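Nothing here was measured: the structure is a model prediction, and the numbers come from that model. Indexing begins at 1, ligand by ligand and atom by atom, following the structure's order.
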Amino acid sequence: MHIVVTGGAGFIGANLCTHLLARPEIERVSVIDDLSTGFRTNLDGVDVRLREGSILDPDALDEVIGDADAVIHLAARGSVPRSVADPLASHHANATGTLQVLEAARRAGDVQVVVASSSSVYGANPTLPKVEDMVARPMSPYAGSKLAAESYTIAWQHTYGMPTLAFRFFNVFGPLQPAWHDYAAVVPAFVSAALAGRPLPVHGDGTQSRDFTYVATVCSVLTDAVVRRVTSDVPVNLAFGTRTSLLDVIATLEDLLGHRLEVAHSPSRPGDVPHSQADNGRLRELFPTAAPVPLRDGLAATLEWFRTQPTEPVRSSS
Ligand code: NAD
């Protein structure tokens, strides 16, 4: 099999390439990435062909997707606050970009497309756990663009008979996740601060909760999805129904490190949802053998990886 990973130089994408190549059914993995937030170095030692280019460029997509069996589409402009600052850029990359990937797959013919959507689409809907049939109520431009992306993905299955699968990722964490920019996700921000002896930055009081998913768990499910060509005409939550507050994450890190951690609170951010937890019934039906890495083990592995990293932001995208 030949699998294309869009956004394959990013955090989840680079972890995924390693997972894909470990499967005997997969002979070749190609990546298209514009290196806007990803790093060439994330793919050091990983046997993939990297095409530096944008998913908004149809020629670049045709070049990479031409003879693929499946595309795992992860390329996106992530982060809620970044989308609040520049909503059109998020729309272009996430909504129009997904449309371009779907169209390139349609031109290539018989290509499965697996797309990364986000739990943020549930937004202002307060019901827990989040069931895929619930009304989506996006609270940010990012969430709106992800809802558009998954809607196009499902529509391409109905309209053109394309084998597609749209996953709603929840809070994914693990090695390679950057901690050094203004829009860093919470786990890498906490882990890097903890290892550097800085206070852990908490927006709000820290009681907000998330369904944290270790990156290897996500990669295993994505790999299985392309190897077995799993499709769905409705979106699928990719998380396991755990709900952990930020304060609980901090307590686990304290336990793993063996000392107390200082916390610095700042105001809540616009567009952030207070709580998130997946219903995983649909995921279990499609992937009955999927087994999540427990949060504590994932945090321990993440700490180990961060210990091997420079303590200052010196990584560059080239
Ligand atoms: P990331 O920023 O590390 O990876 C995204 C990659 O896409 C980067 O390598 C970036 O350079 C690339 N990219 C961005 N715009 C592009 C373009 N126009 N053309 C080509 N490449 C482009 O983020 P990630 O955390 O690895 O996220 C991967 C996917 O999962 C994204 O679609 C994101 O929205 C989704 N997601 C992630 C999480 C999470 O917790 N990390 C949660 C929900 C959804």
Side-chain angles (χ1 to χ4, degrees), residues 4-17 30-43 48 50-58 60-61 64-65 71-80 82-83 86 89-101 104 114-123 130 140-150 153 166-181 183-189 210-215 217-219 221-222 235-239 273 276 278 298 302 315-318:
V4 171
V5 181
T6 74
F11 152 53
I12 298 173
N15 279 288
L16 174 64
C17 289
S30 304
V31 165
I32 177 164
D33 197 301
D34 69 356
L35 303 179
S36 51
T37 57
F39 298 92
R40 199 181 284 278
T41 51
N42 282 346
L43 292 170
V48 297
L50 168 62
R51 166 67 160 87
E52 189 176 336
S54 174
I55 54 164
L56 293 166
D57 174 357
L61 285 174
V64 181
I65 295 177
V71 178
I72 302 179
H73 172 43
L74 303 176
R77 193 175 157 90
S79 138
V80 166
R82 189 183 275 147
S83 78
D86 190 346
S90 294
H91 175 88
H92 290 318
N94 302 354
T96 309
T98 299
L99 203 50
Q100 292 282 15
V101 169
V114 178
V115 170
S117 181
S118 161
S119 61
S120 64
V121 302
Y122 294 111
K130 306 296 185 193
S140 66
Y142 171 74
S145 71
K146 283 291 174 183
L147 186 59
E150 65 169 52
T153 304
F167 279 120
R168 292 177 176 167
F169 294 180
F170 282 60
N171 284 66
V172 187
F173 72 97
L176 301 183
Q177 195 168 23
W180 301 121
H181 55 70
Y183 304 119
V186 64
V187 169
R210 298 288 181 263
D211 200 336
F212 291 102
T213 320
Y214 186 56
V215 67
T217 307
V218 171
C219 293
V221 173
L222 291 171
V236 181
N237 290 336
L238 206 178
V273 300
S276 186
T302 306
R315 302 172 80 208
S316 88
S317 62
S318 56

Could you list the atoms of ligand 1 found under 4.0 angstrom from a heavy atom of Gly10? 3 (O), 4 (O), 8 (C), 9 (O)
Nearest heavy-atom contact between Pro188 and Gln177 is CD-OE1, 3.3 Å
Tightest non-hydrogen contact, residues Thr6 and His73, listed as OG1-ND1, 2.7 Å
Give a yes or no on whether atom 34 (O) of ligand 1 lies under 4.0 Å from any heavy atom of the protein. yes
Please work out whether any backbone atom (N, CA, C, O) or any side-chain heavy atom from C-beta onward of Phe173 is under 4.0 Å from ligand 1, and answer side chain, backbone, both or neither. neither
Among protein heavy atoms, which lies nearest atom 2 (O) of ligand 1, and at what distance? Thr37 OG1, 2.7 Å
Examine the proximity of ligand 1 to Asn171 and report which part, side chain or backbone, both or neither, has a heavy atom under 4.0 Å away. backbone
Near Leu35 (heavy-atom distance under 4.0 Å), the atoms of ligand 1 are 11 (O)
Min N/O separation Gly78 to ligand 1 under 3.5 Å: no
Considering only non-hydrogen protein atoms, determine which one is nearest to atom 19 (N) of ligand 1 and report residue, atom name and distance to 0.1 Å. Ile55 N, 3.0 Å
Structural part of Lys146 in contact with ligand 1, heavy atom criterion under 4.0 angstrom: side chain
Beyond-backbone contact of Val186 with Phe212, side-chain heavy atoms, under 4.5 angstrom: yes
Looking only at distances, can you tell me whether any N or O atom of Phe169, backbone or side chain, sits closer than 3.5 Å to an N or O atom of ligand 1? no
Verify side chain to side chain contact (heavy atoms under 4.5 Å, CB included) between Phe167 and Ile72, making sure each step is shown before the conclusion. CA-CA 11 Å; Phe167 279 120; Ile72 302 179; over 6 Å; no
Test Tyr214 against Thr302 for side chain to side chain contact (heavy atoms under 4.5 Å, CB included), laying out the working first. CA-CA 9 Å; Tyr214 186 56; Thr302 306; 3.8 Å; yes
Which atoms from ligand 1 have a heavy atom of Ser36 less than 4.0 Å away? 10 (C), 11 (O), 13 (N), 14 (C), 15 (N)
Which pair of non-hydrogen atoms, one from Ala93 and one from Ile55, has the smallest distance, and what is that distance? O-CD1, 3.6 Å
Among all protein non-hydrogen atoms, which one is nearest to atom 23 (O) of ligand 1, and what is the separation to 0.1 Å? Phe11 N, 4.7 Å
Any chance you could lay out the side chain to side chain contact (heavy atoms under 4.5 Å, CB included) test for Lys146 and Arg168, step after step, and finish with the verdict? CA-CA 9 Å; Lys146 283 291 174 183; Arg168 292 177 176 167; over 6 Å; no
Residue pair Phe170 / Ser276, side-chain heavy-atom distance below 4.5 Å: yes
Do you know which two heavy atoms are closest between Ser30 and Val64, and how far apart they sit? CB-CG1, 3.9 Å
The side-chain contact (heavy atoms from CB on, under 4.5 Å) partners of Val48 (sequence neighbours excluded) come to Cys17, Leu21, Val29, Val31, Leu43, Val46
Any non-hydrogen atom of Gly53 lying under 4.0 Å from ligand 1? yes
Considering only heavy atoms of Ala9, which atoms of ligand 1 have at least one such atom less than 4.0 Å away? 9 (O)
May I ask you to check if ligand 1 and Ser117 share an N or O to N or O distance below 3.5 Å? no
Honestly, for Pro178 the part within reach of ligand 1 (heavy atoms, under 4.0 Å) is neither
Can the positive tip of Arg210 be found less than 6.0 Å from the middle of the six-membered ring of Phe173, inside 45° of the ring normal? no
Proximity of Tyr142 to ligand 1 by residue part, where a heavy atom lies under 4.0 Å: side chain
In short, Ile32 meets Ser54 closest at the heavy-atom pair CD1-O, 3.9 Å
Does Arg82 have any side-chain hydrogen bond (donor to acceptor under 3.5 Å, both in side chains) partners at least two apart in sequence or in another chain, and if so, which? none
Does Asn237 use its side chain to pair, donor to acceptor, with the backbone of Ala239 at less than 3.5 Å? no
Name the closest protein heavy atom to atom 11 (O) of ligand 1, giving the residue it belongs to and the distance to 0.1 Å. Asp33 OD1, 2.7 Å
In terms of heavy-atom contacts, Ala143 and Val121 come closest through O-CG1, 3.7 Å
Shortest protein heavy-atom distance from atom 42 (C) of ligand 1, along with the residue and atom involved: Phe170 O, 3.1 Å
Residue, atom name and distance, where the atom is the protein heavy atom closest to atom 13 (N) of ligand 1: Asp34 OD1, 3.3 Å
For atom 40 (O) of ligand 1, the closest protein heavy atom turns out to be Val172 N, 2.8 Å
If we number the atoms of ligand 1 from 1 as shown, the ones under 4.0 Å from a heavy atom of Gly38 are 8 (C), 9 (O), 10 (C), 11 (O)
Please say whether Leu56 places an N or O atom under 3.5 Å from an N or O atom belonging to ligand 1. no
Ser118: numbered ligand 1 atoms lying under 4.0 Å from its heavy atoms: 43 (C), 44 (C)
Check: Leu74 N/O within less than 3.5 Å of ligand 1 N/O: yes
Among all the protein's non-hydrogen atoms, which is closest to atom 18 (N) of ligand 1, and how far away is it? Ser54 OG, 3.3 Å
